[in-house]
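Here is the structure we will look at.
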Protein chains: 2
Amino acid sequence: MFERKIPKDLDCGMAMIMEIIGGKWKPCLIRNISQGHRRPSELQRLNAKASRRVLYQQLQELEEHGIIERIVYPVLPPKVEYFLTELGNSLLPVINVMDDWGTQYLKNPHKRPLLKLGA
Amino acid sequence: MFERKIPKDLDCGMAMIMEIIGGKWKPCLIRNISQGHRRPSELQRLNAKASRRVLYQQLQELEEHGIIERIVYPVLPPKVEYFLTELGNSLLPVINVMDDWGTQYLKNPHKRPLLKLGA
DNA sequence: CCGTATCCCAAAAGATACTG
DNA sequence: CAGTATCTTTTGGGATACGG
């Protein structure tokens with residue numbers, strides 16, 4: 001459905017995890033859903049700046065990668081819930097480590113260093 | 001030099017760290033350079049599949065973010081070396097955590113789960 | 001309410017030629 | 001060697017309309 005012309009090489013772990021959490025809204029979605037079951041409409045509200053299409057696309061990819069799962073209630077109007085899998089849960093500490101580092105960085109805004117001249 | 005029409009919002013730590021390490025070759029470059037001082041030509045050799053332009057661009061961004069620094073030897077032909085800053089070093093554990101998770105994931109290839117039906 | 005299809009634009013990355 | 005300037009292709013993401 002979203003075919004690439006050039007296949008990605010997911011040779012190393014780093015490339016793999018970037019593939020999984022690299023989307024613009026994925027870390028947000030993972031965190032939202034980690035708080036408890038979440039319905040699509042809730043996720044749209046929580047990430048109001050994301051477009052509908054991208055949100056669904058990234059949810060799909062998270063599902064395909066086994067990070068989240070979907071429960072479909074056969075009712076009208078439709079009701080759906082997402083929840084984190086165990087695999088998804090194992091991702092939370094990683095995301096936290098990343099976020100912590102980034103938060104620390106934001107507190108100490110970097111000054112571009114002067115050019116060093118070698119001997 | 002590489003101006004964006006739409007400014008990024010680097011509001012949270014997660015967005016910030018993705019900005020810093022999100023480039024396709026940045027984690028590779030950081031690791032290469034963490035092994036010791038590296039010259040541009042070495043980095044090109046080590047990342048042969050990356051185009052010249054992108055490599056230099058990402059090196060520049062890493063430098064602007066204070067992850068690496070550059071030593072310029074005033075000789076002919078030109079000689080330059082990159083090395084990791086302390087800040088750059090503090091990034092290594094984060095990258096390792098990410099890579100470990102990804103490597104683990106690669107060992108247990110995920111099967112897409114069947115759709116769950118709610119009550 | 002959930003999800004998909006279409007269309008569009010901006011950004012990332014590749015190829016390559018050129019300069020000091 | 002190191003670095004920059006074009007130019008081009010691919011991809012990611014936003015807007016929005018439509019269908020079940």
Side-chain angles (χ1 to χ4, degrees), chain A residues 1-10 15 18-29 37-64 68-82 115-118, chain B residues 1-10 15 18-29 37-64 68-82 115-118:
Chain A
M1 189 186 291
F2 301 105
E3 284 173 25
R4 297 176 54 86
K5 298 200 174 176
I6 301 174
K8 293 197 175 176
D9 24 334
L10 303 174
M18 288 303 286
E19 171 73 11
I20 291 177
I21 64 171
K24 182 163 176 185
W25 302 97
K26 286 181 182 178
C28 304
L29 290 170
H37 289 206
R38 288 282 175 269
R39 302 183 57 178
S41 49
E42 273 183 282
L43 294 171
Q44 277 175 216
R45 192 172 38 73
L46 292 169
N47 305 282
K49 283 188 282 189
S51 90
R52 197 190 198 61
R53 193 186 81 82
V54 174
L55 227 49
Y56 278 107
Q57 178 183 332
Q58 307 213 343
L59 283 167
Q60 255 184 18
E61 289 172 6
L62 287 173
E63 197 187 349
E64 279 162 17
I68 63 178
E69 283 183 30
R70 218 158 42 117
I71 307 173
V72 176
Y73 296 89
V75 296
L76 274 175
K79 177 178 174 183
V80 169
E81 285 179 353
Y82 290 100
L115 187 65
K116 280 206 183 167
L117 291 182
Chain B
M1 191 184 292
F2 301 105
E3 284 172 26
R4 296 176 55 87
K5 299 203 175 175
I6 302 175
K8 292 198 176 174
D9 26 334
L10 303 174
M18 288 303 286
E19 170 72 11
I20 291 177
I21 64 171
K24 183 164 176 183
W25 301 96
K26 286 182 183 177
C28 304
L29 290 171
H37 289 206
R38 288 284 175 267
R39 301 183 59 177
S41 50
E42 272 183 284
L43 294 171
Q44 277 175 218
R45 192 173 36 74
L46 292 169
N47 305 281
K49 283 188 282 187
S51 90
R52 199 189 197 61
R53 194 186 82 82
V54 174
L55 227 50
Y56 277 106
Q57 179 183 333
Q58 308 214 342
L59 284 167
Q60 254 184 19
E61 290 172 7
L62 288 173
E63 198 186 349
E64 280 162 16
I68 63 177
E69 285 182 29
R70 216 159 41 117
I71 308 173
V72 177
Y73 296 89
V75 297
L76 274 175
K79 177 178 173 182
V80 170
E81 285 179 354
Y82 289 101
L115 188 64
K116 280 207 183 165
L117 291 182

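Lettering of chains follows the sequences in order, A, B, ..., and the numbering in each one begins at 1.
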Calculate the interatomic distance between [X] atom [atom1] and [N] atom [atom2]; express it in whole Å.
{"X": "B:I71", "N": "D:dC1", "atom1": "CD1", "atom2": "P", "value": "18 Å"}
{"X": "A:E81", "N": "C:dC2", "atom1": "CD", "atom2": "P", "value": "10 Å"}
{"X": "A:I21", "N": "D:dG12", "atom1": "CD1", "atom2": "C1'", "value": "17 Å"}
{"X": "B:E63", "N": "D:dG3", "atom1": "CD", "atom2": "C1'", "value": "12 Å"}
{"X": "B:L43", "N": "D:dC1", "atom1": "CG", "atom2": "P", "value": "14 Å"}
{"X": "A:R70", "N": "C:dG3", "atom1": "CZ", "atom2": "P", "value": "5 Å"}
{"X": "A:L59", "N": "D:dG12", "atom1": "CG", "atom2": "P", "value": "16 Å"}
{"X": "B:N47", "N": "C:dA15", "atom1": "CG", "atom2": "P", "value": "14 Å"}

Does D:dA2 have OP1 or OP2 sitting under 4.0 Å from an N or O in the side chain of B:R39? yes

Using the side chain to side chain donor-acceptor pair (under 3.5 Å) criterion, which residues pair with B:K26? Sequence neighbours excluded. B:E61

By side chain to side chain donor-acceptor pair (under 3.5 Å) - contacts of B:Q58 (at least two apart): none

Applying side-chain contact (heavy atoms from CB on, under 4.5 Å) to B:P27 and not counting sequence neighbours gives A:M14

Applying side-chain contact (heavy atoms from CB on, under 4.5 Å) to B:K8 and not counting sequence neighbours gives B:R4, B:L10, B:E19

Got B:K24 and A:M18 here, is their nearest side-chain heavy-atom distance under 4.5 Å? no

Quick one: does A:P78's side chain get under 4.5 Å of A:L76's, heavy atoms only? yes

Closest non-hydrogen atom pair, A:R39 against A:V80: CG-O, 3.3 Å

Between A:L29 and A:L62, what is the shortest heavy-atom contact and its length? CB-CD1, 4.1 Å

From CA spacing to verdict: side chain to side chain contact (heavy atoms under 4.5 Å, CB included), A:W25, A:Q57: CA-CA 10 Å; A:W25 302 97; A:Q57 178 183 332; over 6 Å; no

Contact list (N/O, under 3.5 angstrom) for nucleotides 17-20 of chain D vs protein:
none

Per B:Y56 side chain, nearest of listed nucleotides D:dA2, C:dC1, C:dC2: D:dA2

Any idea which of D:dA2, C:dG3, D:dT4 is nearest the B:Q60 side chain? D:dT4

Anything under 3.5 Å between a donor and an acceptor, one on a side chain of residues 45-52 of chain B, the other on a protein residue two or more places apart or in another chain? List them.
| from | atom 1 | to | atom 2 | distance (Å) |
| --- | --- | --- | --- | --- |
| B:N47 | ND2 | B:N32 | OD1 | 3.0 |
| B:N47 | ND2 | B:L43 | O | 2.9 |
| B:K49 | NZ | A:D9 | OD2 | 3.2 |
| B:S51 | OG | B:V54 | N | 3.4 |

Through what angle, rounded to 10 degrees, does the axis of the helix from C:dC1-D:dG20 to C:dG20-D:dC1 turn between its ends, using five pairs per end? 30°

Hey, what are the protein-to-nucleotides 9-13 of chain C N/O distances that come in under 3.5 Å?
| from | atom 1 | to | atom 2 | distance (Å) |
| --- | --- | --- | --- | --- |
| C:dA11 | OP1 | B:K5 | N | 3.1 |
| C:dA11 | OP1 | B:I6 | N | 2.8 |
| C:dA11 | OP2 | B:K5 | N | 3.3 |
| C:dA12 | OP1 | B:R4 | NH1 | 3.0 |
| C:dA12 | OP1 | B:K8 | NZ | 3.3 |
| C:dA13 | OP1 | B:K24 | N | 3.0 |
| C:dA13 | OP2 | B:Q58 | NE2 | 2.9 |
| C:dA13 | N7 | B:R53 | NH2 | 2.8 |

With sequence neighbours excluded, what pairs up with A:R38 under the salt bridge (charged side-chain N to carboxylate O under 4.0 Å, His left out) test? A:E42

